[in-house]
Protein chains: 2
Amino acid sequence: MRALPHPASEDLQLTEVLRALSDPVRLEAVARLAAAGELTCGEVGQGLGVHKSTASHHFRILREAGLITTKQEGRQKFLSLRRDDLESRFPGLLDSVLSAAHATV
Amino acid sequence: MRALPHPASEDLQLTEVLRALSDPVRLEAVARLAAAGELTCGEVGQGLGVHKSTASHHFRILREAGLITTKQEGRQKFLSLRRDDLESRFPGLLDSVLSAAHATV
DNA sequence: CGCACGGTTGGATGGTTGTCAAACAACGAA
DNA sequence: TTCGTTGTTTGACAACCATCCAACCGTGCG
């Protein structure tokens, strides 16, 4: 069950990925997903400091850029990073961003 | 002679760097500077497909994000990547972006 | 001095973005 | 079936952005 559109790994655009990562709220969300592996929208949004509709908006940006996947389970959706796709398309990029984000915060 | 403001390497913000790199025109400019080492504004702007004032605007974004330095010489200005500063602050980031950009184009 | 060259700045404009609030939709539980 | 939980969508809005054109500024050359 995957109603929401996810771009294929070959279609990932570097500039879109970078733009998706260039917002502090989204970067925080990605860092949290990287640390936890898989979280619901609510869990990620928790403590992000924005309204839940805003969080949902950011999740869509991340999803359409190819950074995360959405898996529905019951009445909640689980988000996870597309680490393998990103690594095969842009080797080393996600790791360097994550370690930089970790060092900065 | 350095009239234009360049942020210190410690002050570089990850999200600003990513944001600066997330525009196709700027990414192309950075890739060109990475390949050539040092170029004038005109040389970089050449073939970028935008008006020279737009190119100048993009150079300011890159400069204020800490990605490039400007060195005036005579009546022209030489641009170059701040590779060392970026590497020390965000290890591996620039390289992964550049190789990804190279592979994409 | 005056002029051309290399860039920057200001204004205008059409488009995008981040945010919230409120309404909506899907699903499980009671 | 009715209700609460979980997210999404829509509308509105202010801020920002990429772009062009025109005017400007500093520097070297005649």
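So that the names make sense, note that chain A is the first sequence line, chain B the second, and so on, each numbered from 1.
For C/dC27, neither phosphate oxygen OP1 nor OP2 lies less than 4.0 angstrom from any side-chain nitrogen or oxygen of A/K77. The side chain of A/T54 contributes no N or O atom lying less than 4.0 Å from OP1 or OP2 of C/dG18. Distances shown here put every side-chain N or O of B/H58 at or beyond 4.0 Å from the OP1 or OP2 atom of D/dC17.
When rounded to the nearest whole Å, the span between CZ of A/R60 and P of D/dT10 equals 8 Å. Here D/dG7 presents its P atom at 13 Å from CZ of A/R63, a figure rounded to the nearest Å. Put simply, NE2 on A/H57 is 13 Å from C1' on D/dT8, counting in whole angstrom units. Between the CZ atom of B/F78 and the C1' atom of D/dT27 there is a distance of 14 Å, given to the nearest Å. Per the geometry, CD belonging to A/E43 stands 10 Å off P belonging to D/dT6, to the nearest Å. Remark: P of C/dG6 and CD of B/Q46 are 11 Å apart, rounded to the nearest angstrom. Atom CG in B/L39 sits about 15 Å away from atom C1' in C/dG7, given to the nearest Å. Straight-line distance from the NZ atom of B/K52 to the C1' atom of D/dA22: 11 Å, rounded to whole Å.
Exactly one residue among A/L21, A/L12, A/I61 makes a side-chain contact (heavy atoms from CB on, under 4.5 Å) with A/L67. That residue is A/L21. Here the options are A/R82, A/R83, A/R89, the test is side chain to side chain donor-acceptor pair (under 3.5 Å), and the partner is A/D85; only A/R82 passes.
Residue A/D23 has its side chain nearest to C/dG18 when only D/dT8, C/dG7, C/dG18 are considered. When each of D/dT19, D/dT8, D/dC17 is scored by its nearest atom to the side-chain atoms of A/S56, the top-ranked nucleotide is D/dT8. Listed nucleotides D/dA18, C/dG18, C/dT9 differ in distance to B/S53; the shortest reach to its side chain belongs to C/dT9. Proximity note for A/R19 (side chain, C-beta onward) versus D/dT19, C/dT19, C/dT17: the nearest is C/dT17.
Separation of atoms CG (A/L33) and CG (A/L81) is listed at 5.0 Å; rounding is to 0.5 Å.
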Check against side chain to side chain contact (heavy atoms under 4.5 Å, CB included), A/T15 and B/D23: CA-CA 6 Å; A/T15 51; B/D23 182 277; over 6 Å; no
Criterion side chain to side chain contact (heavy atoms under 4.5 Å, CB included) on B/F59 and B/V44, from CA distance to verdict: CA-CA 10 Å; B/F59 297 154; B/V44 179; 3.8 Å; yes
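Judged by closest nucleotide on DNA chain C, A/H51 is the one of A/H51 and A/R75 placed further toward the 5' end.
At a threshold of 4.0 angstrom between heavy atoms, the contacts of A/R26 are confined to the sugar-phosphate backbone, with no base atom among them.
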